[in-house]
Amino acid sequence: MKKFNILIVGGGSTWTPGLLKAICNRQDSFPINRLTMYDIDEQRQKRIGEFAKVLFKEEYPTIQFHYTTNKEEAFTEDIDFVFVQMRTGGYEMREKDEKIPLKLGVIGQETCGPGGFAYGMRSIRDMIQLVKDVREKTKDAWILNYTNPAAIVAVALQQVFPDDKRILNICDQPENLLRSYGRLLNMNERDFDPVYFGLNHFGWFTHLYDPDGNDKLPELREMILNNGFRPADYEQRDQSWLDTYAMVEQMVRDFPDYLPNTYLQYYLYPDKVLKKLNPEFTRANEVQAGREKRVFEDCDRVIETGTAKNSNVVANDAHGEFILIVAESIAYNKGDNFIVILKNDGLVSNLPDDAMVEVAASITSNGPRPYAVGEIPTFYKGLIEGQYAYEKLTVEAYLEGSYTKALQALTLNRTVVSAIKAREVLDALIEANTDYWPELK
Ligand SMILES: NC(=O)c1ccc[n+]([C@@H]2O[C@H](COP(=O)([O-])OP(=O)(O)OC[C@H]3O[C@@H](n4cnc5c(N)ncnc54)[C@H](O)[C@@H]3O)[C@@H](O)[C@H]2O)c1
Ligand SMILES: O=P(O)(O)OC[C@H]1O[C@H](O[C@H]2[C@H](O)[C@@H](O)[C@@H](O)O[C@@H]2CO)[C@H](O)[C@@H](O)[C@@H]1O
Ligand SMILES: [Mn+2]
């Protein structure tokens with residue numbers, strides 16, 4: 001059985017321990033010859049790299065593992081898969097993405113609204129460079145990308161590398177929602193044959209077929225309307241996530257035909273959500289005080305004690321497992337169904353062909369074989385076209401260094417709307433991002 005060479009870019013990610021644990025759990029179905037981690041932050045990655053050595057000694061002694069900040073060591077010709085999970089500017093910039101808009105009376109969030117715009121303008125630079133670094137050594141490696149905002153990264157990479165068919169942008173949110181639905185319906189997430197459409201962090205489930213072909217969505221809708229969605233979240237989540245999942249009930253009550261991605265709360269109820277966000281303590285701070293602190297302290301403890309046996313860093317294996325089962329489906333031409341981000345090209349027949357839509361696809365060794373969705377109703381078409389225009393203008397603002405297109409993008413975003421507010425927020429974000437964005441004229 002072939003063993004694969006994997007490169008993780010962003011080894012210092014808070015999500016890496018969960019991914020490493022998933023790699024151990026799946027070593028029989030997805031055997032790895034060599035795992036390399038690469039990061040630009042030596043100290044951050046070292047704490048996770050040394051944790052990995054203890055974990056692999058106990059659970060995966062045959063794996064060749066090393067971590068590096070040296071590109072020549074990381075990017076080699078024999079890589080089979082690159083798992084990308086970088087955060088350009090780190091949590092310091094995520095905090096600014098969230099606080100700067102909030103202080104100006106606009107939604108501040110990691111991937112949505114002006115925060116997502118700012119994050120996208122930073123990620124585009126490093127993600128274009130990443131693809132170039134990989135492709136300089138191998139045209140064959142699959143690049144599976146988690147780096148956010150995946151919606152904007154996907155549009156940018158499609159524009160810059162239109163002929164590269166081995167780049168796949170993915171998101172764990174639809175997978176996590178299927179896990180939550182499964183908990184409510186006593187099903188496994190892999191039992192669902194879902195129909196989904198939208199953009200990343202801006203989509204809806206229209207059908208949830210079970211193995212007998214029964215659509216379970218109507219039953220689930222009734223459960224949500226009667227009991228809410230709060231208990232369904234698959235992982236133990238911070239309060240902000242429990243509040244987010246709780247908003248699903250209102251979205252289903254207002255627009256009952258489909259089940260929404262939780263991120264739609266920011267676009268449908270910006271006024272209501274804004275009142276819940278604290279400009280002094282945002283999600284970035286919650287993660288710094290929660291997951292980031294917990295992960296690195298536990299990695300240090302594992303290194304100190306020399307065993308990972310009672311490590312608690314693996315809190316959300318959905319994230320780690322999802323990228324692996326997508327890679328497995330490619331590696332073994334399994335054709336398993338996953339919701340991934342792809343060029344539309346008519347899949348949603350009344351959306352632009354160049355939109356990067358999130359739909360269900362059969363994942364094969366020749367890439368995704370997507371399921372067509374067909375025509376979507378006016379309400380969803382209207383929302384998505386506005387959001388896609390925002391995404392496209394953001395990428396064009398970056399590639400052309402255009403202030404006007406940046407202003408147009410923010411003005412189109414449903415969390416901003418006013419061109420006066422858009423200019424105010426844009427100018428503040430420009431000032432905060434001088435080390436990362438191209439000059440906008
Ligand atoms: N697609 C999804 O659904 C999904 C789910 C969870 C997290 N994410 C994304 O995964 C990424 C990691 O999340 P996190 O919270 O663990 O962030 P993190 O800040 O903990 O880790 C990111 C790592 O990337 C490194 N990095 C930054 N720029 C780099 C570059 N140019 N090359 C290599 N490494 C670089 C940083 O040094 C850091 O160690 C973020 O982009 C996050 O939004 C995506
Ligand atoms: O605020 P964070 O850093 O905890 O999470 C941000 C990421 O949130 C989503 O991933 C969620 C998933 O959707 C949710 O259901 C939960 O169970 O786990 C994941 C991580 O919290 C989103 O898909 C990512 O793009 C965000 O980066
Ligand atoms: Mn996501």
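Both ligands and their constituent atoms are indexed starting at 1 by order of listing. For the numbers below, each heavy atom of this structure counts, side chains included, while hydrogens, waters and symmetry mates do not.
Set against the non-hydrogen atoms of V9, the atoms of ligand 1 under 4.0 Å away are 33 (C). Near R94, with a cut-off below 4.0 Å to any heavy atom, the atoms of ligand 2 are 1 (O), 2 (P), 3 (O). Residue C171 has at least one heavy-atom neighbour below 4.0 Å for each of these atoms of ligand 2: 23 (O). For ligand 2, the atoms sitting less than 4.0 Å from at least one non-hydrogen atom of R291 are 2 (P), 3 (O), 4 (O), numbered in the order shown with element in parentheses.
Ligand 1 has an N or O atom lying under 3.5 Å from an N or O atom of D172, backbone or side chain. Between T147 and ligand 1, no N or O atom pair is found at a separation short of 3.5 Å. Considering both main-chain and side-chain atoms, N148 comes within under 3.5 Å of ligand 2 through a nitrogen or oxygen pair. The N/O atoms of E292, backbone and side chain alike, include none that comes under 3.5 Å of an N/O atom in ligand 1. Of the N or O atoms in G90, none lie within a sub-3.5 Å distance of an N or O in ligand 1. Ligand 2 has no N or O atom lying under 3.5 Å from any N or O atom of W15, backbone or side chain. Residue-to-ligand polar distances keep Q173 apart from ligand 1: every N/O pair is separated by 3.5 Å or more. Any N or O atom pair closer than 3.5 Å counts here, and H319 shares no such pair with ligand 1. Residue I170 has at least one N or O atom closer than 3.5 Å to an N or O atom of ligand 1.
At least one heavy atom of H201 sits under 4.0 Å from some atom of ligand 2.
One option in E42, R44, Q43, Q85 has a heavy atom closer to atom 18 (P) of ligand 1 than any other, and that option is R44. One option in Y91, Y146, Y119, Y263 has a heavy atom closer to atom 8 (O) of ligand 2 than any other, and that option is Y263. The heavy atom nearest to atom 40 (C) of ligand 1, out of those in Y91, Y119, Y146, F296, is found in Y119. Nearest-heavy-atom check against atom 21 (O) of ligand 1 across A150, S13, G89, A284 picks out S13. When the options E98, Q109, E110 are ranked by their closest heavy atom to atom 27 (O) of ligand 2, first place goes to E110. Comparing heavy-atom distances from atom 23 (O) of ligand 2 across T282, D172, N200 singles out D172 as nearest. Looking at R94, Q288, M86 and measuring to atom 30 (C) of ligand 1, the nearest heavy atom belongs to M86.
Aromatic rings of F192 and Y209 (six-membered ring for Trp) have centroids beyond the 6.0 Å cut-off, not under it. Close placement of the Y380 and Y258 rings is indicated, their centers lying within 6.0 Å of each other.
The closest protein non-hydrogen atom to atom 32 (N) of ligand 1 is I40 CG2, 3.7 Å. Looking from atom 23 (C) of ligand 1 to the surrounding protein, the closest heavy atom is D39 OD2, 3.7 Å.
At a heavy-atom distance under 4.0 Å, only side-chain atoms of R283, from C-beta outward, approach ligand 2. Contacts between D126 and ligand 1, counted as non-hydrogen atom pairs separated by less than 4.0 Å, involve the side chain only. Residue Q45 does not touch ligand 1, judged by heavy-atom distances below 4.0 Å.
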